[in-house]
Amino acid sequence: MVAVAAALGWAATGALDAVRGSDRGDAPVAAATPSPPAATGLDPELERRFDAARAAADADGVELRLTSGWRTAAEQQRLVEAALERYGSAQEAHRWVLPPETSEHVAGLAIDVGPTDGALWLEQHGAEFGLCRTYANELWHFEAATEPGGTCPPMHDDASHGWG
């Protein structure tokens with residue numbers, strides 16, 4: 001799995017931690033790695049919203065950074081394979097990672113954020129920027145699921161809905 005992490009680079013850090021679990025037990029957590037120099041591949045509106053949220057978090061004294069953004073289909077498929085290896089069953093793996101065909105990361109429409117305090121801040125304030133946490137089991141995963149100032153839709157329990 002370390003080889004998968006190296007192959008994917010920064011783009012899959014948060015999701016890979018979900019696949020392999022944290023070093024503080026088995027609970028998945030978003031990784032606290034430095035942001036990439038640019039969020040290449042992200043939808044420009046999503047990137048703009050995240051930049052505005054990051055500036056507001058900074059003004060509140062909270063660190064908020066991008067830990068994962070756009071991924072290629074091949075990167076996403078490697079995450080699927082790593083989840084299958086880690087969890088040992090498709091049913092459990094599907095709770096944590098979507099196939100490339102339905103992943104919002106592959107479409108450039110999803111971000112993973114960290115550290116934990118930043119993710120908690122964004123969950124509380126995200127709707128102001130049109131950013132919503134979309135999975136109950138992924139504290140770090142956000143999408144532009146409403147207009148800025150709108151109401152976020154209910155979260156999915158996990159990613160299993162996207163497997164059809």
Side-chain angles (χ1 to χ4, degrees), residues 4-20 22 28-80 82-83 95-156 158-159 161-163:
V4 173
L8 297 180
W10 73 268
T13 305
L16 185 57
D17 277 355
V19 168
R20 69 174 179 221
S22 75
V29 295
T33 58
S35 296
T40 306
L42 281 182
D43 174 78
E45 179 63 14
L46 174 60
E47 191 170 357
R48 185 192 66 71
R49 291 179 187 194
F50 177 72
D51 287 344
R54 181 174 30 201
D58 186 55
D60 284 350
V62 176
E63 180 182 8
L64 177 63
R65 66 178 173 255
L66 186 69
T67 61
S68 179
W70 175 80
R71 301 181 190 132
T72 67
E75 289 168 335
Q76 188 69 23
Q77 184 58 44
R78 285 192 291 270
L79 286 175
V80 170
R95 293 186 62 235
W96 297 102
V97 62
L98 286 168
E101 302 79 23
T102 58
S103 170
E104 295 293 341
H105 282 285
V106 173
L109 299 173
I111 56 173
D112 293 345
V113 302
T116 299
D117 287 345
L120 292 170
W121 184 94
L122 190 57
E123 182 175 12
Q124 183 178 7
H125 299 280
E128 297 169 33
F129 306 95
L131 298 172
C132 302
R133 183 173 154 205
T134 54
Y135 296 110
N137 69 331
E138 294 187 6
L139 175 64
W140 55 87
H141 182 96
F142 289 82
E143 299 174 15
T146 190
E147 291 299 315
T151 301
C152 288
M155 286 185 248
H156 298 285
D158 55 41
H161 73 93
W163 282 88

Is there a donor-acceptor pair under 3.5 Å between the side chain of [X] and the backbone N or O of [Y]?
X	Y	result
W163	V97	yes
E128	P148	no
T146	G130	no
W96	A83	no
T102	G162	yes

Are the side chains of [Y] and [X] in contact, using a 4.5 Å heavy-atom criterion?
X	Y	value
D112	H141	yes
E143	L46	no
F50	V113	yes
Y135	H161	yes

Atom [atom1] in [X], atom [atom2] in [Y]: separation rounded to 0.5 Å?
X	Y	atom1	atom2	answer
W70	L42	CH2	CG	10.0 Å
I111	E47	CD1	CD	9.5 Å
D158	R95	CG	CZ	4.5 Å

inquiry  = Which residues pass the salt bridge (Lys or Arg N to Asp or Glu O under 4.0 Å) test with D58, not counting sequence neighbours?
reply    = none
query = Looking at residues at least two apart in the chain, or sitting in another chain, which of them share a salt bridge (Lys or Arg N to Asp or Glu O under 4.0 Å) with E123?
reply = R133
For the student: nearest non-hydrogen atoms of [X] and [Y], plus distance:
X	Y	value
D117	V62	O-CG1, 3.8 Å
A53	L122	CB-CD1, 3.8 Å
A110	H105	O-ND1, 3.3 Å
A159	L98	O-CD2, 3.0 Å
V80	P99	CG2-CA, 4.1 Å
A127	G150	CB-O, 3.4 Å

key: Verdict with reasoning, L79 to R71, per side-chain contact (heavy atoms from CB on, under 4.5 Å)   = CA-CA 10 Å; L79 286 175; R71 301 181 190 132; 3.6 Å; yes
message = Quick one, W121 with D60, criterion side chain to side chain donor-acceptor pair (under 3.5 Å). Give me CA distance, side-chain angles, the key distance, then yes/no.
response = CA-CA 9 Å; W121 184 94; D60 284 350; 3.0 Å; yes
task = Output all residues satisfying side chain to side chain donor-acceptor pair (under 3.5 Å) with E45, sequence neighbours left out; order by chain, then residue number.
result = R48, R49
request  = Assess whether side-chain contact (heavy atoms from CB on, under 4.5 Å) is satisfied between W140 and T116, documenting all intermediate values.
outcome  = CA-CA 8 Å; W140 55 87; T116 299; over 6 Å; no
task = Verify side chain to side chain donor-acceptor pair (under 3.5 Å) between H156 and N137, making sure each step is shown before the conclusion.
result = CA-CA 9 Å; H156 298 285; N137 69 331; over 6 Å; no
